[in-house]
Amino acid sequence: MPDIRLDGLTRRFGAATAVDDVSMVFAEGTVTCLLGPSGCGKTTLMRMIAGLETPTAGRIRFGDRDVTRLSARQRGVAMVFQYPVMYRTLTVAENIELPLARDRGLSAAERRARVDEVLNVLDLSAQRGLRIGDLDMGARQKVAVGRAIARRCDVVLFDEPTTNVEVHAKLQLIRAFKEFRRRVRQTIVYVTHDQTEAMTLADQIALMQAGVLSQCAAPRVLYDQPDSEFGGWFLGSPGMNFLDPLGEDGGRVRFAGIAGAVAAPSGGTAGLRAGIRPEYVRVFAQAGAGRVAGRVTGDCITIGGQHLLTLSVDGAELKAKVPPDGGMAAGSAAYVECPAERVMLFCDGLRVATPSVDQAGAR
Ligand SMILES: Nc1ncnc2c1ncn2[C@@H]1O[C@H](COP(=O)(O)OP(=O)(O)OP(=O)(O)O)[C@@H](O)[C@H]1O
Ligand SMILES: [Mg+2]
């Protein structure tokens, strides 16, 4: 089974650059999610890996094999599209078996065994005899996934396979997907703009922004150590808070909402911002060491059952996720603590070395 290596991969459409000089590795047998906002180049990048789009520049290798100029068929990858093409008049089982018929190495019994396994994992056994035209979107999408995984290609590409599926079917699909993955090792590239899906499925996430690979890392690393303000903002719900400097004194910078001062990187405070995720901001009713006085300006309950507070501190807006029983509501006075170990520093949108924050007194 090969890994997939991209080297300077670029695709331009006229004056627009859809994918811009992307170099990365999809390790064999792992799941990589391509994540990013609409139009950032996810589909274009994946279509180049599939052989459905010709790169303007750069190379694609599967293991030692340079496949840049090979057709989709020669590359032998399976792909599931957002809007799958299927044979509406054939049954569920026939649709899954059809691509297997091309594989001359498989006996009829082996083909049937593969189909049965896929139907079982996808919880589609009861519908095996139904025609595609009679299924809802969720079931159709499961069949599309089944068709791709039944072939057991070394490389399988998914382009937002759960986008048009309601939430229950989506969860089922993700569960089935993980179960199948446990059974068969394949190198999988999975495009999504849904961060929760990416965090659940991926061994590594490739975060894209405007055609450029912003960061490629394990989900937890991407979340806890974003390389850029974009990564901090895009991941998380809501994303990271960014705080502007209030002023500099003797090489130490003070930020809105942070009690301590931060060692200024060389170059002063220009372009400097501190970042902290809402779940790491602590909110108290009383003043205390390391806390900054502010006010709650808004509150709501999140889907996860936590309380999302909007606070005004030092003239800046700050979001905090706190347990719902903290007694805080819009209008309350509040004292905010941003723990030093959770504060990150960014300069012109890129993270700089972990800052050292003085734990100065309360403000
Ligand atoms: N065939 C094409 N001709 C011209 N421009 C294109 C073509 N395909 C894609 N683009 C442009 O390239 C950019 C990247 O598109 P792409 O479809 O790869 O993004 P995406 O990340 O998959 O977006 P989405 O989340 O909406 O599916 C967009 O600006 C898009 O308009
Ligand atoms: Mg797309």
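Atoms within a ligand are numbered from 1 in the order they appear, just like the ligands themselves. Heads up: numbering here begins at 1 and tracks the sequence. Just so you know, these numbers use all the heavy atoms, side chains as well, and skip hydrogens, waters and symmetry mates.
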Near-ring test Phe158/Tyr190, centroid separation under 6.0 angstrom: yes

Checking [Y] against [X]: is there a side-chain donor and acceptor pair closer than 3.5 Å?
{"X": "Thr68", "Y": "Asp66", "answer": "yes"}
{"X": "Arg277", "Y": "Asn241", "answer": "no"}
{"X": "Glu197", "Y": "Thr162", "answer": "yes"}

For the pair [X] and [Y], find out whether any cationic side-chain nitrogen is under 4.0 Å from an anionic carboxylate oxygen.
{"X": "Asp116", "Y": "Arg128", "value": "yes"}
{"X": "Arg183", "Y": "Glu179", "value": "yes"}
{"X": "Asp314", "Y": "Arg254", "value": "no"}

Verdict with supporting geometry, Asp154 and Arg185, salt bridge (charged side-chain N to carboxylate O under 4.0 Å, His left out): CA-CA 8 Å; Asp154 289 339; Arg185 265 174 75 85; over 6 Å; no

Lys/Arg cation over aromatic Tyr280: Arg342, 6.0 Å, 45° cone: yes

For ligand 1, the residues whose heavy atoms come within less than 4.0 Å (ordered by chain, then number):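 For ligand 1, the residues that come within the 4.0 Å heavy-atom cutoff are Phe13, Ala18, Pro37, Ser38, Gly39, Cys40, Gly41, Lys42, Thr43, Thr44, Glu160.
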
Listed protein N/O/S atoms, distance to the Mg ion (ligand 2) under 2.8 Å: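 Per the 2.8 Å query on the Mg ion (ligand 2), atoms found are Thr43 OG1.
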
